[in-house]
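Computed over heavy atoms, backbone and side chain alike; hydrogens, waters and symmetry mates excluded.
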Amino acid sequence: MGASGYFGKKLRELRLLSKLTAKQLAAYLNCSPSLIYNIEKGLNRPQPELIVLAAEFFGVTTDFMLREENTGNEEDLLELYRNINPKNKKYLYNLIKLMSS
């Protein structure tokens, strides 16, 4: 999977985690909802400006949006989990639940 594929996957994960529709996200990013869907599906490559706007919107780096993350082992994940605040634990739980289905 290339950088644009990682971007689409992470864009979808962050959008769903934030409980946003493609239309809501598209309004902020000044693009069409169909472009959001197509990027998430890997059918369109995101323009650099869109990558920067999306990273700013979600409070992450462009590097995070474009690269595969090393998931680590169970112990590493558990240690990371222990260090996040309760609100983010709820978001993480929902994301894992979504990814497991």
Side-chain angles (χ1 to χ4, degrees):
M1 182 181 303
S4 62
Y6 294 127
F7 178 81
K9 180 180 174 188
K10 290 180 182 175
L11 185 69
R12 177 174 163 66
E13 289 173 359
L14 291 169
R15 178 177 66 78
L16 292 174
L17 184 62
S18 300
K19 299 183 181 182
L20 294 172
T21 65
K23 184 177 181 179
Q24 291 168 322
L25 182 57
Y28 176 79
L29 300 178
N30 197 27
C31 65
S32 69
S34 62
L35 179 61
I36 298 295
Y37 284 124
N38 287 338
I39 289 172
E40 289 178 354
K41 293 177 186 176
L43 302 174
N44 283 67
R45 295 178 68 129
Q47 295 297 313
E49 299 83 13
L50 187 76
I51 295 169
V52 171
L53 280 174
E56 288 174 354
F57 179 79
F58 289 113
V60 297
T61 64
T62 54
D63 190 54
F64 171 81
M65 296 296 291
L66 295 170
R67 296 186 189 269
E68 180 178 25
E69 294 293 308
N70 181 0
T71 57
N73 58 36
E74 277 188 52
E75 292 81 21
D76 293 339
L77 292 171
L78 186 55
E79 182 63 30
L80 290 170
Y81 177 80
R82 288 181 177 137
N83 292 318
I84 52 180
N85 68 48
K87 181 180 177 186
N88 286 338
K89 284 181 181 179
K90 181 179 177 184
Y91 288 132
L92 180 59
Y93 173 80
N94 289 330
L95 178 60
I96 292 170
K97 190 174 168 184
L98 176 70
M99 292 171 64
S100 299
S101 55

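Heavy-atom neighbours of Y28 OH from other residues, nucleotides or ligands within 6.0 Å: above the threshold of 12. Within 6.0 Å of atom CG in N85, more than 12 heavy atoms from other residues, nucleotides or ligands are found, so the atom counts as buried in its surroundings. The number of heavy-atom neighbours closer than 6.0 Å to NZ of K89, taken from other residues, nucleotides and ligands shown, is above 12.
The CG atom of L35 sits 10.5 Å away from atom CG of L43, with the distance rounded to the nearest 0.5 Å. Atom CD in E40 sits 5.0 Å away from atom CG in L11 (nearest 0.5 Å). Atoms CG and CG, on L98 and L16 in that order, are 5.5 Å from each other to the nearest 0.5 Å. Interatomic distance, K10 NZ to R67 CZ, rounded to the nearest 0.5 Å: 9.5 Å. Rounding to the nearest 0.5 Å gives a distance of 13.0 Å between CE of M99 and CG of N94. Taking CG of N88 as the start and CG of L17 as the end, the distance is 8.0 Å to the nearest 0.5 Å.
Annotation for F58 and L14: closest pair CE2-O, 3.4 Å, computed over non-hydrogen atoms. Nearest heavy-atom pair across A26 and S32 is CB-C, 3.6 Å. Closest approach of R15 to A22, counting heavy atoms only: NH1-N, 3.5 Å. Contact record, Y81 with I84: O-CG1, 3.1 Å, taken as the closest heavy-atom pair. Between K19 and Q24 the shortest heavy-atom distance is O-OE1, 3.9 Å.
Shown are L50, I36, I39; of these, the side chain to side chain contact (heavy atoms under 4.5 Å, CB included) with N44 is made only by I39.
Contact of the F7 side chain with the L66 side chain is registered, since non-hydrogen atoms from C-beta on lie closer than 4.5 Å. T62 has its side chain within reach of V52: a pair of non-hydrogen atoms, C-beta onward, lies under 4.5 Å apart.
No chain of hydrophobic side-chain contacts below 4.5 Å, direct or via other Ile, Leu, Val, Met, Phe, Trp or Tyr residues, connects F64 to L92.
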